[in-house]
Structures are given as C-alpha cells and as structure tokens.
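To start, the structure under review is shown below, and the notes come after it.
Both ligands and their constituent atoms are indexed starting at 1 by order of listing. Only this structure's heavy atoms are used, side chains among them; waters, hydrogens and symmetry mates stay out. No experiment lies behind these values; they were computed from the predicted model shown. Numbering of residues begins at 1 and proceeds along the displayed sequence.
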Amino acid sequence: MAETTQMRVEHIGDATLYLGDCMEVLPQLAKADAVITDPPYGIGASAGTGKYGRLKIEAGQDLGWDNCVPAEEALRAVVTAGERAVVFGGNYFGLGPSRNFLIWDKGAGFKNRDFAECEMAWCSWDANARVLTYDPLARGDYRDKQHPTQKPVAVMAWAIQHAGKADLILDPYMGSGSTGVAAIKLGRKFIGIEREPRYFDIACRRIEQATKQGQLFEPAAAQPVQMGLEVG
Ligand SMILES: C[S@@+](CC[C@H](N)C(=O)[O-])C[C@H]1O[C@@H](n2cnc3c(N)ncnc32)[C@H](O)[C@@H]1O
C-alpha cells in the first residue's frame with residue numbers, strides 16, 4: 001500500500017464503511033445476505049492509464065493493488081461472507097464451474113476497439129446466466145471517473161437485483177463505492193471495505209451523496225434496473 005492505513009469505520013445512513021484490509025475485517029462481520037464485489041483482476045489496471053483505466057494517475061502514483069489476484073484463501077473468505085455472492089472478474093479466479101454468470105455487454109462504445117466488449121461476474125448459486133447491455137460511455141458514467149476500474153452504478157444495481165431478496169449487501173473490495181451507491185439507491189443496507197485511504201474517502205463522499213438523494217430505484221427484487229434512470 002502506498003499510504004499507512006489504520007482501521008477506520010464510518011457510519012453513513014444505512015452504510016457502514018471500513019477502511020482496512022478485508023481479510024482483517026471480514027472475520028468480525030456477521031454473514032451478509034449478498035456479497036457483490038469486484039476484486040483486483042491482476043491485470044495491472046491500478047496504473048490507471050492506457051487501455052484499462054482511462055484515468056490520469058500522476059507518475060509514481062500507481063498503488064499497485066492490481067498486480068495480482070487475491071489469494072485463494074481470501075477469495076474463499078469473500079465468497080462465503082454472504083448467503084450469495086456475485087464476483088466480477090469471476091473468469092480470472094478459478095471459483096469453480098457455474099451456470100450462473102452475469103455478462104455485462106459494454107455496448108457500442110466498446111465494439112471493435114482495444115477494450116474488452118464485456119465483463120463476466122461469477123455467481124455462487126444456481127440460476128440462468130443473464131446479459132445486460134449497458135454502454136457507460138453513451139451514458140456519460142465515466143465523465144466523473146474517480147477510480148481506475150470504477151464500475152457503473154447501474155451495472156452494480158443489476159447485480160444486486162440478480163441476487164434477489166438481499167437486504168444487507170457487502171462489498172469487501174469497495175474501491176470508489178459503486179456497489180454501495182447502488183445498494184443505497186435500491187433501499188438496501190451496505191457494508192463496504194476498502195484498503196486504500198484515497199478510494200475510501202471517495203467512497204464515503206459518493207455514498208453520503210447517495211444517502212442524501214434517497215432511494216431512486218424500485219425496491220422490487222430481481223426486477224431489471226430501469227436503464228433510463230440517471231445513475232452514477
Ligand atoms: C477492482 S477495484 C474495485 C472498484 C470498484 N468496483 C469501483 O467501482 O470503484 C478493487 C479495489 O479493492 C481494493 N483492495 C485490494 N485488496 C484489498 C484488500 N485486501 N482489502 C480491501 N480492499 C482491497 C483496491 O484498493 C481497489 O480499490
């Protein structure tokens with residue numbers, strides 16, 4: 001880590017946010033209804049430049065968190081921290097065979113360019129695979145990008161809804177807090193863990209703003225997110 005981290009806890013409305021290593025925090029938590037998370041894929045995206053990040057990071061500011069994937073033991077702890085788990089980048093981690101993958105098709109803005117056209121999330125329970133076409137470039141989601149691998153809030157809301165009637169959502173690799181913003185907008189409770197102070201502070205700000213705005217999405221479980229809504 002680039003900065004010295006001391007465990008910190010922030011309570012913001014229905015969200016509890018931990019600044020710390022998820023391997024130290026998870027053993028202290030009760031089981032969540034659903035883990036919805038986006039761990040490091042080990043593809044060097046923390047540099048935040050070039051084809052992965054499209055977020056300018058000053059020289060020497062690569063925090064290095066994406067140099068490798070989490071250890072098998074860590075992934076096991078993460079997946080079992082909830083009754084259900086949705087793990088983005090699930091194709092990188094050897095989590096086991098599943099019929100239940102979420103495929104995020106990034107839409108026209110990513111076609112035939114030097115970017116992946118989709119991302120895959122592994123799900124821990126048996127269900128049909130689903131596809132969401134959602135173009136974050138067309139939606140303007142990256143205009144205010146604050147994390148090199150920031151996920152669109154609408155995509156995380158879709159993942160939460162796929163997990164069904166889950167009241168308490170946990171993201172042990174919170175980053176800039178996109179899962180938390182989606183959870184709050186869906187009227188769920190949220191626990192987030194992030195190790196890097198600069199991302200933790202961004203997540204606190206975004207989740208505080210979402211809390212002030214209140215619930216935007218319909219609370220009905222497993223309904224498709226209304227993509228016409230302005231989110232992010
Ligand atoms: C792929 S990013 C998540 C981005 C997030 N989905 C967003 O929209 O901003 C993974 C995050 O996990 C954090 N991280 C890596 N190892 C961690 C650990 N052991 N405990 C807590 N956070 C960790 C990194 O600092 C990084 O911000």
Quiz prompt | Element-labelled atoms of ligand 1 that are located less than 4.0 Å from some non-hydrogen atom of Gln150 | solution = 7 (C), 8 (O), 9 (O)
Quiz item: In the protein, which heavy atom is nearest to atom 22 (N) of ligand 1, and how far is it?
Solution: Arg195 N, 3.3 Å
Self-check item: Polar atom proximity, Trp65 to ligand 1 (N or O, under 3.5 Å)
Solution: no
Quiz item: How are the rings of Tyr199 and Trp65 set to each other: parallel, tilted or perpendicular (split at 30° and 60°)?
Solution: perpendicular
Quiz item: Near Gly20, which atoms of ligand 1 are under 4.0 Å from a heavy atom of that residue?
Solution: 20 (N), 21 (C)
Quiz item: For atom 23 (C) of ligand 1, which protein heavy atom lies nearest, and how many Å away is it?
Solution: Tyr173 CD2, 3.5 Å
Quiz prompt | salt_bridge(Asp144, Arg206) N-O dist < 4.0 Å | solution = no
Practice problem: Give the single entry among His147, Arg206, Met174, Glu196 that approaches atom 5 (C) of ligand 1 most closely by any heavy atom. | Solution: Met174
Quiz item: Side chain of Asp33, backbone of Leu168: donor and acceptor closer than 3.5 Å?
Solution: yes
Quiz item: To the nearest 0.1 Å, how far is atom 8 (O) of ligand 1 from its closest protein heavy atom, and which atom is that?
Solution: Ser178 OG, 2.7 Å
Quiz item: Side chain of Asn100, backbone of Cys123: donor and acceptor closer than 3.5 Å?
Solution: no
Self-check item: ligand 1 versus Ala203: contacting region, heavy-atom distance under 4.0 Å
Solution: neither
Quiz item: Counting only heavy atoms, which portion of Tyr199 has something under 4.0 Å from ligand 1: side chain, backbone, both, or neither?
Solution: side chain
Quiz item: Under the criterion side chain to side chain contact (heavy atoms under 4.5 Å, CB included), which of Glu208, Gln209, Lys212 is the partner of Ile12?
Solution: Glu208
Self-check item: Top protein contact for atom 2 (S) of ligand 1, by heavy-atom distance
Solution: Thr149 OG1, 3.4 Å
Practice problem: Check whether any N or O atom of Cys22, backbone or side chain, sits under 3.5 Å from an N or O atom of ligand 1, and answer yes or no. | Solution: yes
Quiz item: Any ion pair linking Arg188 and Asp14 (charged N to carboxylate O, less than 4.0 Å)?
Solution: no
Self-check item: Residue part near ligand 1, for Ala74, under 4.0 Å between non-hydrogen atoms
Solution: neither
Quiz prompt | Distance from atom 19 (N) of ligand 1 to nearest protein heavy atom, with residue and atom | solution = Asp21 OD1, 3.1 Å
Quiz item: Considering only heavy atoms of Lys151, which atoms of ligand 1 have at least one such atom less than 4.0 Å away?
Solution: 6 (N), 7 (C), 8 (O)
Exercise. Tell me which protein heavy atom sits closest to atom 9 (O) of ligand 1, plus the residue, atom name and distance to 0.1 Å.
Key: Ser176 OG, 2.6 Å
Self-check item: Per-atom contacts, ligand 1 versus Pro172 - under 4.0 Å to a heavy atom
Solution: 21 (C), 22 (N)
Quiz item: Looking at NZ of Lys151 and OH of Tyr134, how far apart are the two atoms once the value is rounded to the nearest 0.5 Å?
Solution: 13.0 Å
Quiz item: Which atoms of ligand 1 are found less than 4.0 Å from any heavy atom of Asp38?
Solution: 1 (C), 2 (S), 3 (C), 4 (C), 5 (C), 6 (N), 10 (C)
Practice problem: To the nearest 0.5 angstrom, please state how far the CG atom of Leu186 sits from the CG atom of Leu216. | Solution: 9.0 Å
Quiz item: What salt bridge (Lys or Arg N to Asp or Glu O under 4.0 Å) pairs are there with at least one residue in residues 69-84, not counting sequence neighbours?
Solution: Glu72-Arg76
Quiz item: Pro40 heavy atoms, cut-off 4.0 Å: which ligand 1 atoms fall inside?
Solution: 15 (C)
Quiz item: Would you call the rings of Trp125 and His162 parallel, tilted or perpendicular if under 30° counts as parallel and over 60° as perpendicular?
Solution: tilted
Practice problem: If you have a sec, work out which protein heavy atom is nearest atom 13 (C) of ligand 1 and how many Å separate them, to one decimal? | Solution: Glu194 OE1, 3.3 Å
Quiz item: Distance-only, no hydrogens or angles: does the Trp122 side chain make a donor-acceptor pair with backbone N or O of Gly96 under 3.5 Å?
Solution: yes
Self-check item: Rounded distance [0.5 Å steps], CG in Leu95 versus CG in Leu75
Solution: 6.0 Å
